[in-house]
Q: 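Take this structure, written in structure tokens, and hold onto it; I'll ask about it next.
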Amino acid sequence: GQNEPAILWQENYNVSMKLLAVDKQNTYLLDKDNNYVYQINTRSSKEIKKTRLLWPGQSVEIGGHYFIVQSKNKLYVFPI
């Protein structure tokens with residue numbers, strides 16, 4: 001139908017991924033197995049940036065232009 005989403009691209013990363021955020025330019029994915037955040041071009045699926053987290057996060061979010069990572073006793077914020 002008219003309101004169904006169109007698949008622009010599809011990738012198999014062979015790891016457990018969590019979708020953090022999507023905007024017109026970028027898609028942000030959390031590699032939960034290896035503690036990386038991937039910044040992917042939303043239109044082309046090309047990897048723009050791969051950022052290693054300092055430690056495994058229980059909660060990882062994106063707010064503004066920052067990653068917000070919370071784990072057992074730690075909270076850190078760093079720019080995207």
Side-chain angles (χ1 to χ4, degrees):
Q2 269 182 300
N3 295 327
E4 291 183 26
I7 297 174
L8 298 177
W9 51 267
Q10 182 175 332
E11 293 286 335
N12 184 353
Y13 292 97
N14 294 317
V15 293
S16 179
M17 293 287 219
K18 176 183 176 186
L19 178 65
L20 296 177
V22 178
D23 61 32
K24 288 183 180 181
Q25 296 177 349
N26 299 303
T27 298
Y28 298 93
L29 302 170
L30 172 64
D31 173 350
K32 297 190 295 186
D33 296 335
N34 300 301
N35 298 313
Y36 282 99
V37 174
Y38 290 89
Q39 181 180 356
I40 308 291
N41 180 286
T42 298
R43 293 267 180 205
S44 70
S45 81
K46 301 286 187 226
E47 181 182 315
I48 297 170
K49 189 171 162 183
K50 179 178 169 183
T51 304
R52 175 104 171 132
L53 299 180
L54 299 174
W55 53 78
Q58 292 175 329
S59 171
V60 179
E61 297 179 17
I62 294 180
H65 295 284
Y66 296 92
F67 292 112
I68 303 163
V69 182
Q70 181 179 357
S71 65
K72 213 173 200 176
N73 298 318
K74 300 172 181 85
L75 175 71
Y76 68 98
V77 177
F78 60 97
I80 294 176

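Basis for what follows: all heavy atoms, side chains included, without hydrogens, waters or symmetry-related copies. Computed from a predicted structure; not experimentally measured.
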Q: Judged by atom type as modelled, is there a donor-acceptor pair below 3.5 Å linking the side chain of Tyr76 to the main-chain atoms of Leu54?
A: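 It does hold such a pair.
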Q: By side-chain hydrogen bond (donor to acceptor under 3.5 Å, both in side chains), which residues pair with Asn41, not counting sequence neighbours?
A: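 Expected list: Ser44.
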Q: Walk me through whether Arg43 and Leu8 qualify under side-chain contact (heavy atoms from CB on, under 4.5 Å).
A: CA-CA 7 Å; Arg43 293 267 180 205; Leu8 298 177; 4.0 Å; yes
Q: Does one hydrophobic cluster hold both Trp9 and Tyr38, with members joined at side-chain heavy-atom distances below 4.5 Å?
A: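 Per the 4.5 Å side-chain linkage, Trp9 and Tyr38 are co-clustered.
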Q: Can you tell which of Glu11, Lys49, Glu47 makes a side-chain contact (heavy atoms from CB on, under 4.5 Å) with Ile40?
A: Glu47
Q: Would a distance-only check, ignoring hydrogens and angles, find a side-chain to backbone donor-acceptor pair under 3.5 Å from Thr27 to Val22?
A: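 Here the side-chain-to-backbone pair does not exist.
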Q: Using every non-hydrogen atom in the two residues, find where Ser71 and Pro56 come nearest and quote the distance to one decimal.
A: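 Shortest heavy-atom contact: CB-O, 3.3 Å.
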Q: As an exercise, state the distance from CG of Asn26 to CG of Leu20, rounded to the nearest 0.5 Å.
A: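 Between atom CG of Asn26 and atom CG of Leu20 there are 12.5 Å.
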Q: Say you draw a straight line from CG of Leu75 to CD of Gln58; how long is it, rounded to the nearest 0.5 Å?
A: 11.5 Å
Q: Taking only residues two or more places apart in sequence or in another chain, which ones pass side-chain hydrogen bond (donor to acceptor under 3.5 Å, both in side chains) with Asn35?
A: none
Q: Knowing that exactly one of Leu30, Leu29, Asp31 qualifies, which makes a side-chain contact (heavy atoms from CB on, under 4.5 Å) with Tyr36?
A: Asp31
Q: Around atom OH of Tyr66, are there more than 12 heavy atoms from other residues, nucleotides or ligands closer than 6.0 Å?
A: no
Q: Could you report the tightest heavy-atom contact between Ile62 and Ala21, atom names first, then the distance?
A: CD1-CB, 3.9 Å
